[in-house]
Asker: 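This structure is in structure tokens; I'll ask about it shortly.
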Amino acid sequence: MNIAIQGILGSFHHIVAHQYFGEDVNLTECLSFDVMPQLMNSNKVDGAVMAIENTLAGSILSNYALIDEFDLRIHGEVHLPIHHNLMALEGQSLSDIKEVWSHPMAILQCRKYFRDYPNIKLVEESDTAEVAKQIQDKKLMGIAAIASNMAAEIYNLNIIESEIQTRKQNYTRFFILKKSNGNIHTTNEVNKASLRFVTHHHTGSLSEVLRIFASFNMNLSKIQSLPIIDNPWNYSFFADVVFDDYQQFQKAIIEVKNKVSDLKVIGEYKQSKRKHDS
Ligand SMILES: O=C(O)C(=O)C[C@]1(C(=O)O)C=C[C@@H](O)C=C1
């Protein structure tokens, strides 16, 4: 099995791919989220791991848009505790560091830490681990990376400071994606679904849909609106619902279909445990 990940070995996507698929999976390293749907739709990979939201930085809206545009399907989810470390070449200390390079989502999660160091320039790069690799390969002095413990080990960098994210408790939710008619895994027991729908423009149309979820005993765990780019100031809704009874879920879907102008089930999967960190 070949799975696309954002970033290289040592990235958080790498950790998630191994957690979900095991150590034997082949990974295709991507330096942007945008290339993943193309790899899936041209059958170069069987699936992909894609970050979708973080507890400190919020949703990655551009990834919702990619899933929608390329009609991808969600096959599973993983909630990963994220620990960010500031790392550089051996011998470098915080006072030597002029620039910190990392993935924009990682920088967002550590903004508060850098308020105390206004002279350090924060530079957005394509991946946390790739920056760690560059620092080691090119022996970059004065540059530090924000990356995982695993990246520090693989690229042999020294951790100047650990746990630099704004809150110690920091989690990213990742989707396991496949193309619309793809298959990457045996089906798990299903108790969660991700839906996309568009409501009619009349008073209470969204609340009617939410009431259906409630009446079929489905718990709404997230709702996210996204602009419909062909229709300015109109929005689609992405909702995640959790349920115990699959039959009830199917009945609810039939009712929701009658209330909305467009409904797509993007994925039916097993809810991942939101592990608590030590
Ligand atoms: O650069 C990485 O290591 C990634 O896996 C990317 C990414 C993200 O896209 O959110 C993954 C998890 C963390 O939230 C920070 C960065």
Side-chain angles (χ1 to χ4, degrees), residues 3-21 25 27-37 39 45 47-67 72 74 76-88 99-114 122-137 143-157 159 161-177 222 224 272 274-275 277:
I3 297 294
I5 56 166
Q6 146 71 41
I8 67 168
L9 297 189
S11 70
F12 294 100
H13 282 76
H14 166 211
I15 296 168
V16 170
H18 277 179
Q19 226 179 65
Y20 192 86
F21 294 103
V25 66
L27 300 178
T28 297
E29 301 173 332
C30 305
L31 288 183
S32 102
F33 287 117
D34 293 82
V35 299
M36 292 176 160
L39 288 174
V45 296
V49 178
M50 182 185 269
I52 196 71
E53 58 174 319
N54 170 267
T55 52
L56 298 178
S59 294
I60 308 181
L61 290 183
S62 49
N63 284 352
Y64 275 98
L66 280 178
I67 291 169
L72 303 176
I74 302 164
E77 64 170 3
V78 174
H79 293 89
L80 185 77
I82 303 287
H83 302 281
H84 286 304
N85 307 283
L86 190 67
M87 60 190 74
E99 292 188 6
V100 170
W101 301 356
S102 200
H103 188 277
M105 284 304 284
I107 292 176
L108 262 179
Q109 292 159 35
C110 303
R111 279 232 167 265
K112 213 166 162 193
Y113 173 83
F114 291 103
L122 298 171
V123 179
E124 294 189 354
E125 280 287 334
S126 53
D127 175 40
T128 54
E130 209 272 332
V131 169
K133 184 173 189 302
Q134 271 195 64
I135 292 174
Q136 188 54 264
D137 287 353
I143 313 285
I146 303 170
S148 68
N149 277 305
M150 192 194 265
E153 273 171 37
I154 297 175
Y155 305 109
N156 196 21
L157 293 184
I159 294 184
E161 190 135 7
S162 56
E163 306 286 358
I164 62 165
Q165 67 276 5
T166 298
R167 289 271 178 283
K168 188 167 189 291
Q169 300 260 343
N170 180 31
Y171 303 91
T172 297
R173 178 177 174 224
F174 295 81
F175 281 153
I176 309 299
L177 297 173
K222 165 135 204 228
Q224 177 71 59
S272 107
R274 297 181 198 169
K275 279 178 221 126
D277 223 357

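Count residues from 1 along the sequence. When a ligand or atom number is given, it counts from 1 through the structure's own listing order. Nothing here was measured: the structure is a model prediction, and the numbers come from that model.
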Asker: Please work out, at 4.0 Å between heavy atoms, whether the side chain, the backbone, both, or neither of Thr128 comes within that distance of ligand 1.
Answerer: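 Looking at Thr128 and ligand 1, atoms from backbone and side chain both fall under 4.0 Å.
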Asker: Hey, which atoms in ligand 1 end up nearer than 4.0 Å to a heavy atom of Ala51?
Answerer: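 Listed by number with element: 8 (C), 9 (O), 10 (O).
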Asker: Strictly by modelled atom types, are Gln134 and Gln136 linked by a side-chain donor-acceptor pair under 3.5 Å?
Answerer: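 No - no donor-acceptor pair under 3.5 Å links their side chains.
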Asker: At what distance is the nearest protein heavy atom to atom 13 (C) of ligand 1, and which residue and atom is it?
Answerer: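 So the nearest neighbour among protein heavy atoms is Thr172 OG1, 3.7 Å.
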Asker: Within the 4.5 Å heavy-atom criterion, are His14 and Leu27 side-chain neighbours or not?
Answerer: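 Touching, per the 4.5 Å side-chain cut-off.
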Asker: To the nearest 0.5 Å, what is the distance between CG (Leu56) and NE2 (His84)?
Answerer: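 Nearest 0.5 Å value for the CG-NE2 distance: 8.0 Å.
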Asker: Hey, is ligand 1 close enough to Ser11 that some N/O pair sits below 3.5 Å?
Answerer: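 No, since none of the N or O atoms of Ser11 sits under 3.5 Å from an N or O of ligand 1.
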Asker: If we only consider heavy atoms of Gln109, is any one of them less than 4.0 Å away from an atom in ligand 1?
Answerer: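 Yes; Gln109 lies near enough to ligand 1 that a heavy-atom distance drops under 4.0 Å.
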Asker: Could you check Tyr20, Phe174, Phe21 and say which one makes a ring pair (Phe, Tyr, Trp, His ring centres under 6.0 Å) with His13?
Answerer: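 When ring pair (Phe, Tyr, Trp, His ring centres under 6.0 Å) is applied between His13 and each of Tyr20, Phe174, Phe21, only Phe174 qualifies.
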Asker: State the atoms of ligand 1, each with its element, that fall below the 4.0 Å cut-off from a heavy-atom position in Phe33.
Answerer: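 Reading through ligand 1 atom by atom, the close ones are 9 (O).
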Asker: Quick one: does His13 get an N or O within less than 3.5 Å of an N or O on ligand 1?
Answerer: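 In this structure, His13 places an N or O atom under 3.5 Å from an N or O of ligand 1.
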Asker: Which residue owns the protein heavy atom closest to atom 1 (O) of ligand 1, what's the atom, and how far is it?
Answerer: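 Of every protein heavy atom, Asp127 OD1, 2.9 Å lies nearest to atom 1 (O) of ligand 1.
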Asker: Can you confirm, on distance only, whether ligand 1 has an N/O atom lying under 3.5 Å from any N/O atom belonging to Ala106?
Answerer: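 Not met; the criterion fails.
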Asker: Please check if the side chain of Glu77 supplies one atom and the backbone of Ser272 the other of a donor-acceptor pair under 3.5 Å.
Answerer: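 Here the side-chain-to-backbone pair exists.
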Asker: Looking only at distances, please establish whether an N/O atom of ligand 1 is found under 3.5 Å from an N/O atom of His84.
Answerer: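 No; the residue has no nitrogen or oxygen that sits under 3.5 Å from a nitrogen or oxygen of the ligand.
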Asker: Strictly by modelled atom types, are Thr172 and Asn54 linked by a side-chain donor-acceptor pair under 3.5 Å?
Answerer: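 Yes.
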Asker: Provide the closest heavy-atom pair for Glu125 versus Trp101 in the form atom of the first, atom of the second, distance.
Answerer: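 Here Glu125 and Trp101 meet closest at CG-CB, 3.8 Å.
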Asker: Quick one: look up the protein heavy atom nearest atom 8 (C) of ligand 1 and list residue, atom name and how far away it is.
Answerer: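 Nearest protein contact, heavy atoms only, for atom 8 (C) of ligand 1 is Met105 CB, 3.7 Å.
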Asker: Taking atom types as modelled and ignoring hydrogens, do the side chains of His103 and Thr128 form a donor-acceptor contact shorter than 3.5 angstrom?
Answerer: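 No, no side-chain donor-acceptor contact under 3.5 Å.
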